[in-house]
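Everything on this sheet refers to the single structure shown next.
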Protein chains: 2
Amino acid sequence: MSKQVTIKQIAQYAGVSEATVSRVLNQPELVSKQTIQKVKDGMDELQYRPSALAQSMRNHTTKTIGVVISNVLNPFFTTLVRGIEDAATKRGYSVIVCNTDENPDKEQRYINMLVDHQADGIILASTGNHANYHSMVNDMPLVFIDRMPQGKDANLYDTVLVDNEKGSFNAVDALIKQGATRVNAIVSPVATTGTERLNGFRKALTAHDFPIREQDIALDDYLGKHTAELALNLIQTNQCDALFCGNNVILMNVLKVLKEWQIEDMKLAVFDDQPWFDFVQYPIISVDQPAYLIGTKAFITLMDRLANPDRPVTHDIVRTKLVIR
Amino acid sequence: MSKQVTIKQIAQYAGVSEATVSRVLNQPELVSKQTIQKVKDGMDELQYRPSALAQSMRNHTTKTIGVVISNVLNPFFTTLVRGIEDAATKRGYSVIVCNTDENPDKEQRYINMLVDHQADGIILASTGNHANYHSMVNDMPLVFIDRMPQGKDANLYDTVLVDNEKGSFNAVDALIKQGATRVNAIVSPVATTGTERLNGFRKALTAHDFPIREQDIALDDYLGKHTAELALNLIQTNQCDALFCGNNVILMNVLKVLKEWQIEDMKLAVFDDQPWFDFVQYPIISVDQPAYLIGTKAFITLMDRLANPDRPVTHDIVRTKLVIR
DNA sequence: CGCCTTTATGAAATCGATTTCATATACAAG
DNA sequence: CTTGTATATGAAATCGATTTCATAAAGGCG
């Protein structure tokens, strides 16, 4: 702080103007060999590092992007974030991560913050409750991940999503093929993913001529406060022998119930895969989403958009993989 | 980008100087009621948001901190980061997360980047290979977490750590009390934590009059490429009946080996606790670190330091909790 | 009514870079 | 020796805010 070395001091040291110092960094071909040397000596001597702040100010680019997700504690998002960060770092970008906890107000605040900081773009797993993103971000590029954007601006933006319906279909289909006779579901109604996963669930039942009973479906709240209760209710009143969980958080809560009530016989399927599923006593069927890949793809999409703001909107759907245990 | 509304336009709209607009935001008591109203109308009308960049430039504070950890994919660090972010958000700070993958060069680059961006401070889980942090960060406040700083600058900085030795001691002690007759260990030699955890392991053995055999100890590399191999080797050649794992990543790899080789009888203990340990067929003994708390404490320590740069260095050690299953 | 203090405001400097425009020197061609 | 063209450099404007300093108007007091 006190010791911040500026371009001015380098100029002074080398006996040249600030413009020349700047040129040494940005267009050295315009500067004579000897001057370059003098300036570089000064930079080494004084340990000069240009202020990224001042550069951003002048250049109108911060080399920073925002990532707005619901929660880094969810390993799906963590992996996704890591994918983004690795890609970003390679291209000299920094990443600011924001957790919305599925709270639209928080999402709003974070987006404002990112706009204020002039992030070059935002990658967003939307809570889905903002009608008008465009007015919020003011031409800043936005890439939607994981959840479909909603509202009238929806088709203005690039997306990188997974095929929730198909993934869920496959998982439930596998449950039934493994002999399940009554499959229940717990999904989170947050954003678009819950609905789509439920559609897959329904279609799989139908494909096997199973009746669709609404009491076989429970809608979880995001925070998971009542998941255990809901699960227990399904299990006890419906006597189901298989449960489809809409995400890894739900599965975790279901496992708690099973353990607590010592329920040994239950077929489980879940959207999203985690390494530790291998070690659980139940043979968990899971839909593996390429979270890391979604991250890198989203970043690349964002870069493309920055390079070419007027190119047509892209909608990328990445493939899921069914894991049967 | 194109539409960025500046203070100038508000000034124009309200027919006042830029200084006055700025005062409306920062010292409204100096401005007359009517003028405030005019200016605020302008802000609403044009949807003005001050450029955080320009403010940072002028105020020499970015309201941004850096968090440098080895890997967000490690749930311990994720939880820690979440603790930091929640605390930071409450105080209006943004967080930039950086993954070093235990690579000192990456650490170096990220710290440089944060210095360039004039972060207000850094929270750092050091790889431990930098002799001279002070020359790198140039008076920027630094809080070390998880790992002890090393080198000659070590005692210049605030720390928030856990008692690795005691935690490990308790875990190994518990293994033995559960009947283990030969306990082996796999730890990561990265940073200071590995050594400390190993010390705890040794002391526990000694306390029970167990001999300490060096072939009972394996040093893992961080990336975990050879963990499985090492584990298998310990198990097969030493015929151990209990394994102490230095962190959750190591445990995961050990579980893979046990599963692959269908080894059912193995007592396990691990430093760090994860929710899913509850569902694994082995009754895992774990040392629960309050990761979230470490995060919030680190952030608060950083804020204290910023508020009072000359206050004495603090060394906070948070308590671990033994979880026996 | 003249002087002094408050109150309200603006002009200009500043933060640390980049870039445009002007200028000075060196060298080549006529 | 003059003119023209590269080549190398600096002065000043700029990015969008904040703050100091100066000043003008308004109000209080003897």
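As the structure is a prediction and not an experimental result, all values here were calculated from the model. Side chains included, hydrogens not; waters and symmetry mates left out as well; all remaining heavy atoms used. So you know, we letter chains A, B, ... as the sequences are listed, proteins then strands, and number each from 1.
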Checklist outcome for this item: With sequence neighbours left out, the residues meeting salt bridge (Lys or Arg N to Asp or Glu O under 4.0 Å) with B:D41 are none

Item to check | Parallel, tilted or perpendicular: ring planes of A:F144 versus A:Y157, cut at 30 and 60 degrees | outcome: tilted

Checklist entry - Going 5' to 3' on DNA chain C, which nucleotide is the first and which the last to come under 4.0 Å of a heavy atom in chain B? => result C:dA8 to C:dG16

Checklist entry - Salt bridge or not for A:R311 and A:D158, using N-O below 4.0 Å? => result yes

Checklist entry - Taking 4.0 angstrom as the limit, do A:E18 and A:R23 come out as a salt bridge? => result no

Checklist entry - Between B:R305 and B:P309, is there a donor-acceptor pair closer than 3.5 Å when you use the side chain of the first and the backbone of the second? => result yes

Checklist entry - Between A:D105 and A:R109, does a salt bridge (Lys or Arg N to Asp or Glu O under 4.0 Å) hold up when you go through it step by step? => result CA-CA 6 Å; A:D105 287 341; A:R109 283 205 300 278; 5.5 Å; no

Next on the checklist: Let's see if you get this right: which residues in residues 17-38 of chain A place a heavy atom under 4.0 Å from DNA chain D?
Outcome noted: A:S17, A:A19, A:T20, A:R23, A:L30, A:V31, A:S32, A:T35

Checklist entry - Can you check whether A:T62's main-chain N or O pairs, donor with acceptor, with A:D120's side chain at less than 3.5 Å? => result yes

